[in-house]
Asker: 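To start, I am sharing the structure in question, which I have written as structure tokens.
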Amino acid sequence: MPSFDHKSIDARWQDRWARERTFATPTDRTRPKYYVLDMFPYPSGAGLHVGHPKGYTATDVVARARRMMGFNVLRVMGWDSFGLPAERQAEKENIHPRIITERNIATFKQQLSRLGLSYDWDRELATSDPRYYKWTQWILLKLWEKGLAYQAEVAVNFCPALGTVLANEEVKDGVYIETGDPVERRLMKQWMLRITAYADRLIDDLDELDWPAGTLAMQREWIGRSIGANVDFAMAGTSDVIQVFTTRPDTLFGGTYVVLAPEHKLVDAITTPAQRAAVEAYRAETGKRSERDRMTEAADAPKTGVFTGTMAINPVNGVEIPIWVADYVLASYGTGAVFACPAHDERDWAFATRFGLPIVEVVKGGDVAQAAYVGDGAHVNSAFLDGLDNDDAKDKVIAWLAERGKGERSVRYRLRDWLFSRQRYWGEPFPTIELDDGTVKVLPESALPVILPELDEFKPTSDGRPPLARAVDWIRTADPETGRPAMRETNTMPQWAGSCWYYLRFLSPQRDDVAWDAEEEKYWMNVDLYVGGSEHATLHLLYARFWHKVLFDCGLVHTKEPFARLFHQGMIHKPSFRDTRGRYYYDDEVEKVGSTWLAKESREPVETRSEKMSKSKYNVVNPDDMCDEYGADSLRLYELFMGPLEEGTDWATDGVSGCRRFLDRTWRLAVDDETGGPSGKLADGPSGDQRDVERALHQAIKRVSEGVESLRLNVAIADMMVFVNECTKSTTIPKDWYEQFLRILSPFAPHVAEELWERLGHRTSISAAPWPAFDEAKLKRDTITIAIQVQGKLRGTIDVAADAAEADVLAAARAEPKVVEFLAGKPIKREVYVKGRLVNLVV
RNA sequence: GCGAAAGUGGCGGAAUUGGUAGACGCGCUGGAUUCAGGUUCCAGUGGGUAACUCCGUGGGGGUUCGAGUCCCCCCUUUCGCACCA
């Protein structure tokens, strides 16, 4: 029999915390603040699985411990509730997405509440709530005022399956990263946000963030700043010039040809009659291949291209070099034209060797007949650059070009402006109108929120317009300022919009007169610890930083960055079972025979592999089941005990029972299993020598305290287990020690800790008890074990007093029988002594 | 192909950052308690060996009195980027 009834204990304390508003956000300003935030979830129809609470439990431990340490803690939860899945579900079931969303939120909240997470639920918010999205629209007005929102006819990523466009960040290898649906290029008029205007600050301010190094690198790469030069190439017999962008102007003397992208606007003008047919054929050929094909083939495919018939003049040495057209040059990056230096660029080298173009070495260091050399080195064959290294040569040649009006320093970015409209229903309507003369203007703040109109069908119209085109009466409106007839925008904002600023709305979610209270913002911002998945490294986290900087420029927030410290929790996986036809099986439908898995019914072999939990793969574990069987505290402990928070691990329900046994032992230290009364094991003070128990206590306090800071909570739990194991061995333990332990256990296992705390006579919640301090002196031992090595191999151990003198330790080491045996009478050449650790005798 | 991270018992993972490898948990083996256990308690549990001992942190070299930890080469896995000039 388990020792305690988790069902009644969980329910009892959850009720009590809610009734007494135990975790209401403090309003005093006398204590230091700590804002700990989880990435809020999209409330999907599938509900929660045990992967979700991993991050939430970690932040809950931090929040609860910080409160006990004397911080005012802001800990909140909300819903990223606009988005595609609800809309698709709505189409399928013919139910309004709002109803579906409400239903899903109720499920999520119910599941979350069973975990005993210490959220201030009075601050709950949902991005699809008009009280919330009014302010999302309001921020768009700010972006407009700053000239950062505009409409443009652009080549977009259009996903036919979804009937909507997608942002660059949402597309990879020609498919939508969420669903795998193919994406094609189309020219459409869209809302754009000028995130590129913030590119430098988005890179430079990364330096001040305590974020995972990988995520910082990904953001830098995504923004992709390249510093180089624009260089003008004149052409024989025309006044046109070709401008190229290069990061290696120092290799200009090695430039042996120029390449234009097939779409480059000068291609037509410069192609000679003799080459026209070949060039036209090539352009037709490359134009036929979709963006997707060109992406997937990418780097390994042999390079293709044709000569235009025209020569360009290399500005540094006046040499005539041919102009080619090739699709390895992208129209959309830089100027759509490059000068090629095959000796020092791998792509150019591949192209030049294929088409027999000359390779001229200008940087020493490699063998350019064999491969391109891209490293640093002394310049040669480069006139006034000879002898310089890459950096010096770049500076010198840029200055040289600038003096002669042939070039200038230039910075380019991989980052493009953010495509901000979607042809969907379930999102924020734009607070904009278009007048009958085509003028687009934003509505005044007083006209907000622009409420999403009711529809009963959510598909795009039959002629391909967005779902909101169905809201005929809603679209027709008047300019509130002039009364002129106007049309509303039928696009909606992308799902990222709401999550770009929710951390600010949590500061004062009940206020309808402001987006957030300025005083609250000054006190609470920025977010001290932000925990969520690494899949948002270049999406949400980049967009949110961008908005935050705009709000900073508007004087609406006082920090440059929203999230001071970021942590990614690893994903929980579980083996799935699949037969050759791709059918998945639940784990109770298969069995292991020898080393292979068979489907129980068909006896067919099934393949097993560890995958991300997903309803469609039949490998989800529901936290409700864990709470039913083991209790919330056992689940919480296991979520964190599994391994380092940042790493992904396989779920093992057996591990939950191990955590439950730990709590059972904890319980039995205080409560008699038979009677349910006090165990009689808790004493007024130590009996005899209990320094081992005391040391285990202080070690646990130390590790848990450090773990709250470093989020290394798995080892913190291990040390708490050591303490309980020590106590289990003792006949009595001081009550005071046990209570100190309960306090450090309480952030992890709050229900059991509260219950025991109360049974020990406390009238107030353990969550309000002060955090115990550990004593370094109590961690020390009187006698320590010293390892004795001969030639670096362990040959024995000796126990000595902790303060034993070196000479005594060495003497004891030499006298150790095993050691004597291995020394075999040989003279000792060297004695290494590491204080308190080991002795190594070298012969 | 480029970049980053990681490879430790049957399994999840520890290891004071160069100092006794395998903490803690799961699983397993034996014993005790129990009418009965998916109970609890005790003992054991990296591999080989009867033992002395030997071998062991993906593989191979190296530095060092001493390497899971540092250096070089290689292999594997995961993630990110993928002709960005």
Side-chain angles (χ1 to χ4, degrees), chain A residues 1-3 172-173 212-218 221-222 224-226 228 244-249 251 259 261 294-301 303 326-330 332-341 344-348 350-351 412-416 534-535 537-538 570-571 629 637-638 641-644 646-659 661-662 664-665 668 673 712 714-722 724-725 728-729 779 785-797 821 829-843:
Chain A
M1 273 282 282
S3 293
K172 196 195 153 187
D173 295 335
T215 303
L216 292 174
M218 278 166 66
E221 254 168 56
W222 190 263
R225 179 162 63 191
S226 307
V244 305
F245 171 70
T246 178
T247 55
R248 292 296 305 274
T251 62
V259 191
R294 273 162 82 168
M295 276 176 141
T296 2
E297 289 165 21
D300 331 315
K303 301 261 184 292
D327 73 349
Y328 83 91
V329 172
L330 307 175
S332 54
Y333 185 76
T335 60
V338 304
F339 88 90
C341 177
H344 306 292
D345 182 281
E346 282 163 12
R347 296 151 301 183
D348 298 340
F351 190 83
R412 302 274 169 172
Y413 304 90
R414 203 187 85 118
L415 183 70
R416 309 293 157 85
S534 58
E535 64 274 20
T538 51
M571 210 179 289
E629 193 169 352
L637 275 166
Y638 180 64
F641 184 61
M642 288 178 81
E646 65 274 24
E647 264 154 54
T649 321
D650 275 0
W651 181 262
T653 298
D654 279 346
V656 185
S657 65
C659 290
R661 283 200 273 268
F662 161 61
D664 282 334
R665 281 198 290 275
R668 277 193 296 267
D673 240 356
R712 298 197 40 193
N714 54 328
V715 287
I717 293 168
D719 279 350
M720 289 195 286
M721 289 172 168
V722 171
V724 169
N725 292 345
T728 302
K729 279 186 234 161
L779 294 170
T785 306
I786 304 276
I788 313 299
Q789 299 180 336
V790 179
Q791 303 293 75
K793 291 198 174 191
L794 184 69
R795 295 305 179 193
T797 58
E821 192 181 317
K829 276 202 290 205
R830 191 169 161 194
E831 293 173 333
V832 180
Y833 176 55
V834 181
K835 192 170 186 313
R837 297 236 144 253
L838 62 65
V839 170
N840 190 9
L841 303 174
V842 186
V843 296

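Residue numbers begin at 1 in each chain, while the letters A, B, ... track the order of the sequences.
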Asker: Return the nucleotide paired to G7(B): Watson-Crick means purine N1 to pyrimidine N3 with N6-O4 or O6-N4, wobble means G-U with N1-O2 and O6-N3, both under 3.5 Å.
Answerer: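 For G7(B), the partner nucleotide comes out as C75(B), under the 3.5 Å rule.
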Asker: With rounding to the nearest 0.5 angstrom, report the OG1 to CZ distance, Thr335(A) to Arg412(A).
Answerer: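 One finds 6.0 Å between OG1 of Thr335(A) and CZ of Arg412(A).
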Asker: Indicate, with a heavy-atom threshold strictly under 4.0 Å, whether Arg661(A) touches base, sugar-phosphate, or nothing.
Answerer: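 Sugar-phosphate, backbone atoms only, no base.
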Asker: Using a 4.0 Å heavy-atom cut-off, does Val834(A) contact any base of the nucleic acid, only the sugar-phosphate backbone, or nothing at all?
Answerer: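 Here Val834(A) touches the bases of the nucleic acid.
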Asker: Does U53(B) count as syn, meaning its glycosidic angle lies within 90° of 0, or as anti?
Answerer: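 Here the answer is anti: the torsion falls beyond 90° from 0.
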Asker: Between Ala337(A) and Glu629(A), name the one whose nearest nucleotide on RNA chain B is closer to the 5' end.
Answerer: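 Nearest-nucleotide comparison on RNA chain B picks Glu629(A).
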Asker: Is any side-chain N or O of Lys303(A) under 3.5 Å from a base N or O of C83(B), one able to act as donor and the other as acceptor?
Answerer: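 For Lys303(A), whose side chain was compared with the base of C83(B), there is a donor-acceptor pair (under 3.5 Å).
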Asker: When rounded to the nearest 0.5 angstrom, what is the spacing between OG1 in Thr728(A) and CZ in Phe662(A)?
Answerer: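 Rounded to the nearest 0.5 Å, the OG1-CZ separation comes to 9.5 Å.
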Asker: Taking a pair as Watson-Crick or G-U wobble with both distances under 3.5 Å, which nucleotide is matched to U40(B)?
Answerer: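 Because both required distances fall under 3.5 Å, U40(B) counts as paired with A32(B).
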Asker: Calculate, to the nearest 0.5 Å, the distance between atoms OG and CZ belonging to Ser226(A) and Phe245(A) respectively.
Answerer: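 Separation between the atoms: 5.0 Å.
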Asker: Using the P atom on both, measure C83(B) against G10(B) and round to a whole Å.
Answerer: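 To the nearest whole Å, 44 Å.
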Asker: Could you state the interatomic distance from CZ (Arg795(A)) to CD (Glu821(A)), rounded to the nearest 0.5 Å?
Answerer: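 Atom-to-atom, Arg795(A):CZ and Glu821(A):CD are 9.0 Å apart.
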Asker: Considering every strand and a 4.0 Å limit on heavy-atom distances, what is the contact class for Asp654(A): base, sugar-phosphate, or nothing?
Answerer: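 Touches sugar-phosphate only.
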Asker: On the nucleotide A85(B), are OP1 or OP2 found under 4.0 Å from the side-chain N or O atoms that Ser226(A) carries?
Answerer: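 So the side-chain polar atoms of Ser226(A) do come within 4.0 Å of the phosphate oxygens OP1 or OP2 of A85(B), strictly under.
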Asker: Less than 4.0 angstrom between a side-chain N/O of Arg665(A) and OP1 or OP2 of G25(B), yes or no?
Answerer: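 Checking G25(B) against Arg665(A), a side-chain N or O does come within under 4.0 Å of OP1 or OP2.
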Asker: Which whole-number value in Å describes the distance from Leu794(A) CG to G22(B) C1'?
Answerer: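 In whole Å, G22(B) C1' and Leu794(A) CG are 15 Å from each other.
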Asker: Pairing check on U49(B): which nucleotide meets the Watson-Crick or G-U wobble criteria with it, both distances under 3.5 Å?
Answerer: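 Its partner is none (no Watson-Crick or G-U wobble pair with both distances under 3.5 Å).
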Asker: Considering all heavy atoms of both residues, which atom of Thr797(A) and which atom of Ala787(A) are nearest to each other, and what is their separation?
Answerer: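 Looks like CG2-CA, 4.2 Å.
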Asker: Between Asn840(A) and U64(B), is there a contact of a side-chain N or O with OP1 or OP2 at under 4.0 Å?
Answerer: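 False: Asn840(A) side-chain N/O out of range (4.0 Å or more) of U64(B) OP1/OP2.
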Asker: Pick the P atom in C73(B) and in U78(B), then give their distance to the nearest Å.
Answerer: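 One P to the other, the span is 23 Å.
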Asker: How long is the gap from CD on Glu221(A) to OG1 on Thr538(A), to the nearest 0.5 Å?
Answerer: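 One gets 10.0 Å once the value is rounded to the nearest 0.5 Å.
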Asker: Atom CG of Leu838(A) and atom OH of Tyr833(A): how far apart are they, to the nearest 0.5 Å?
Answerer: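 One finds 9.5 Å between CG of Leu838(A) and OH of Tyr833(A).
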Asker: List in chain and number order the residues that pass ring-ring contact (aromatic ring centres under 6.0 Å, His included) with Phe351(A), two or more places apart in sequence or in another chain; answer none if no residue qualifies.
Answerer: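 Result, ring-ring contact (aromatic ring centres under 6.0 Å, His included) vs Phe351(A): Tyr257(A), Trp324(A), Tyr328(A), Phe355(A).
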Asker: Using a heavy-atom cut-off of 4.0 Å across all strands, would you classify Val842(A) as base, sugar-phosphate, or nothing?
Answerer: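 Contact class for Val842(A): sugar-phosphate only.
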Asker: Taking atom C1' in both G46(B) and U29(B), compute the distance separating them and give it to the nearest angstrom.
Answerer: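 The same atom, C1', in both gives a distance of 16 Å.
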Asker: Could you check which nucleotide pairs with G1(B) in any of the strands shown, counting Watson-Crick or G-U wobble with both distances under 3.5 Å?
Answerer: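 By the stated definition (distances under 3.5 Å), C81(B) pairs with G1(B).
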Asker: Any donor-acceptor pair under 3.5 Å between the side chain of Glu535(A) and the base of G80(B)?
Answerer: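 Between G80(B) and Glu535(A), which were checked side chain against base, a qualifying N/O pair under 3.5 Å is absent.
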Asker: With a non-hydrogen cut-off below 4.0 angstrom, is Lys793(A) in contact with a base, only sugar-phosphate, or nothing?
Answerer: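 Answer is sugar-phosphate: Lys793(A) comes under 4.0 Å of backbone atoms only.
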Asker: Across the strands shown, which category fits Glu646(A) at heavy-atom distances under 4.0 angstrom: base, sugar-phosphate, nothing?
Answerer: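 Counting heavy atoms under 4.0 Å across all strands, no contact is made by Glu646(A).
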Asker: Determine the interatomic distance between P on A85(B) and the same-named atom on G68(B); round to the nearest Å.
Answerer: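 The same atom, P, in both gives a distance of 43 Å.
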Asker: Going 5' to 3' through nucleotides 3-16 of chain B, assign each nucleotide B (protein heavy atom under 4.0 Å from a base atom), S (under 4.0 Å only from sugar-phosphate atoms) or - (no protein heavy atom that close).
Answerer: ---------BSSSB
Asker: Expressed in whole Å, how much space separates the P atoms belonging to C28(B) and U77(B)?
Answerer: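 Result for the P pair: 32 Å, nearest Å.
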Asker: Heavy atoms only, 4.0 Å cut-off, all strands: where does Thr538(A) land among base, sugar-phosphate and nothing?
Answerer: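 Since no nucleic acid heavy atom lies under 4.0 Å of Thr538(A), the category is nothing.
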Asker: Is any side-chain nitrogen or oxygen of Arg248(A) closer than 4.0 Å to OP1 or OP2 of A85(B)?
Answerer: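 No, because none of the side-chain N or O atoms of Arg248(A) sits under 4.0 Å from OP1 or OP2 of A85(B).
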